[in-house]
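A quick note: this is a predicted structure, and the numbers were derived from the prediction, not measured.
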Amino acid sequence: MSKIVLCPDSFKGSLSAKEVVEIMAEKIKRLCPASRLVCIPLADGGEGTIDVLSDTIQCEKAKVNVHDSLGNIISAEYLIYDSGKKCLIESASAVGLDLIEKSKRQPMKMSSRGVGELILDAAFKGCEEIFVSLGGTGTCDGGMGLLNELGFKFYDHQGIRLVGKGEDLTKIGIIDAKDVNPCLKKIKLKAVCDVSAPLYGKKGAAFVFAPQKGASPDEIEILDAGLKNFAVVSQEAGLTDFYTAMKPGSGAAGGMGFAMTGLLNAEYISGVDFVMEAVDFENRIKDAGLIVTGEGRIDKQSLMGKVADGVLKRAERHRIPVVGLGGKVENADLLEQAGFSAVYEISDPNKSLEENMNKETTLLNIENALEKCVSMFGLNSCG
């Protein structure tokens with residue numbers, strides 16, 4: 001009997017990781033009924049991580065009203081587990097880009113305040129270790145809004161208090177950390193992320209991510225200058241050092257990575273490593289004959305801290321072959337050099353991108369690719 005591990009990420013815009021696993025399992029059971037399947041939906045620590053973990057580990061969901069990035073009251077949820085000692089907060093559940101209509105996205109006016117509210121709620125409920133995933137936000141405020149909610153005070157050069165929006169970054173003259181919430185001394189914060197961008201500069205938060213959040217070219221320049229100003233004033237106040245802003249991940253979530261690791265002393269951890277540890281991935285793949293993973297797009301970027309990268313590294317330790325299914329596949333040679341036994345692009349070349357991303361079409365495409373996979377590895381002989 002062959003043990004097959006099914007561990008895809010979501011196919012963004014089409015299917016959740018759980019849905020992908022379900023169709024994979026159904027198809028392989030038909031093709032190879034004697035196989036022993038281990039289903040482990042995965043995520044890289046960004047959006048969808050709560051859904052993946054809530055189906056895999058013993059936990060409960062907490063709901064709380066918070067402010068979204070434009071100041072509207074919304075209901076957000078986070079995950080509490082390990083007997084109430086730990087929790088996972090998705091920044092995107094409070095200040096996610098997808099929560100704001102495209103026409104209303106204004107990173108100059110948007111704030112990360114809601115994430116601070118979630119952290120306070122989790123601390124109030126007794127969580128001792130708080131993991132904050134930093135993917136999918138619509139903000140570019142350097143985490144000012146979050147910090148303001150936790151008791152940091154920001155002033156301009158005239159002594160006027162700043163509330164913490166993207167447009168406030170260039171105005172920061174003074175940062176007062178004397179009255180930060182005492183709960184911060186009782187909790188351990190972890191910044192969960194797979195982004196390697198620094199805080200500012202051409203590869204920083206504003207230039208890389210603000211365009212997709214609705215910023216104009218002029219606003220990108222202003223935001224970048226503001227993020228640099230935030231870093232400089234933080235250094236002058238003795239809250240961070242020069243290197244913090246340049247560390248990979250400081251630019252995550254519009255600079256929230258800088259706020260977390262620099263001013264809140266959070267530990268930075270890989271998103272995919274966090275998820276894989278939480279679901280006990282390495283122990284569950286032992287003795288497998290094959291691993292099948294996948295995501296909407298597999299390319300060289302997938303080898304830089306994404307789900308595919310995490311799967312390959314762990315599979316290599318146990319010498320398990322890995323097959324990747326991607327809606328779109330690029331750099332196939334590099335992917336195979338990195339450890340994939342095979343990578344299949346599942347999209348139908350005769351259909352448009354919109355048609356291929358249709359849920360039913362994606363399901364059919366995955367099924368067709370699995371037939372090739374099973375045939376290639378001779379798995380259909382097992383049943």
Modelled atom types, side-chain donor and acceptor of [X] and [Y], under 3.5 Å:
X	Y	answer
Tyr78	Asp121	yes
Asp280	Asn283	yes
Thr244	Asp241	yes
Glu282	His318	yes
Ser112	Asp141	yes

**Asked** Who are the side-chain hydrogen bond (donor to acceptor under 3.5 Å, both in side chains) partners of Asp179, not counting sequence neighbours?
**Response**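 Asp179 satisfies side-chain hydrogen bond (donor to acceptor under 3.5 Å, both in side chains) with Lys153 once adjacent residues are dropped.
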Are [Y] and [X] connected in a single hydrophobic cluster, I mean Ile/Leu/Val/Met/Phe/Trp/Tyr linked by side-chain heavy atoms less than 4.5 Å apart?
X	Y	value
Met108	Ile220	no
Leu120	Val115	yes
Ile222	Phe209	no
Ile285	Leu53	yes
Leu15	Leu37	yes

Is the number of heavy atoms from other residues, nucleotides or ligands under 6.0 Å of [X] [atom1] greater than 12?
X	atom1	result
Lys213	NZ	yes
Lys29	NZ	yes
Lys125	NZ	yes
Lys61	NZ	yes
Glu277	CD	no
Glu316	CD	no
Asp287	CG	no

**Message:** Set out, in order, the CA-CA distance, both residues' side-chain angles and the distance that settles side chain to side chain contact (heavy atoms under 4.5 Å, CB included) for Leu150 and Leu264, then state yes or no.
**Reply:** CA-CA 10 Å; Leu150 296 179; Leu264 295 175; 3.9 Å; yes
Are any of the side-chain nitrogens in [X] or [Y] under 4.0 Å away from the carboxylate oxygens of its partner?
X	Y	answer
Lys171	Asp168	yes
Lys18	Asp51	no
Asp194	Lys306	yes
Arg30	Glu371	no
Arg105	Glu101	no
Glu128	Lys86	no

Rounded to the nearest 0.5 Å, how far apart are [atom1] of [X] and [atom2] of [Y]?
X	Y	atom1	atom2	value
Leu303	Gln337	CG	CD	10.0 Å
Ile119	Asn181	CD1	CG	10.5 Å
Lys104	Leu70	NZ	CG	8.5 Å

Any [X] side-chain heavy atom under 4.5 Å of [Y] side chain:
X	Y	result
Phe281	Leu42	yes
Ser54	Leu79	yes
Thr240	Leu263	yes
Cys7	Ile291	yes
Asn148	Arg113	no
Leu370	Ile28	yes
Val95	Met110	no
Tyr155	Ile175	no

**Request:** Could you go through the side chain to side chain contact (heavy atoms under 4.5 Å, CB included) check for Val307 and Asp309 one step at a time?
**Result:** CA-CA 5 Å; Val307 163; Asp309 185 41; over 6 Å; no
**Matching residue for Phe258 among Phe230, Tyr268, Tyr243 - test: ring-ring contact (aromatic ring centres under 6.0 Å, His included)** = Phe230
**Request:** Determine the minimum heavy-atom distance between Ala92 and Gly135, stating which atoms define it.
**Result:**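 In terms of heavy atoms, the two residues are closest at CB-O, 3.4 Å.
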**Asked** Can you name the closest pair of heavy atoms from Glu295 and Ser302 and give their distance?
**Response** OE2-OG, 3.9 Å
**Asked** Got a donor-acceptor contact below 3.5 angstrom from the Glu90 side chain to the Ile50 backbone?
**Response** yes
**Worked check of side chain to side chain contact (heavy atoms under 4.5 Å, CB included) between Arg284 and Val5** = CA-CA 8 Å; Arg284 294 171 70 186; Val5 177; over 6 Å; no
**Test applied, salt bridge (charged side-chain N to carboxylate O under 4.0 Å, His left out); reference residue, Asp273; option that passes from Arg314, Lys313, Lys190** = Arg314
**Request:** Test Val275 against Thr49 for side chain to side chain contact (heavy atoms under 4.5 Å, CB included), laying out the working first.
**Result:** CA-CA 7 Å; Val275 173; Thr49 300; 3.7 Å; yes
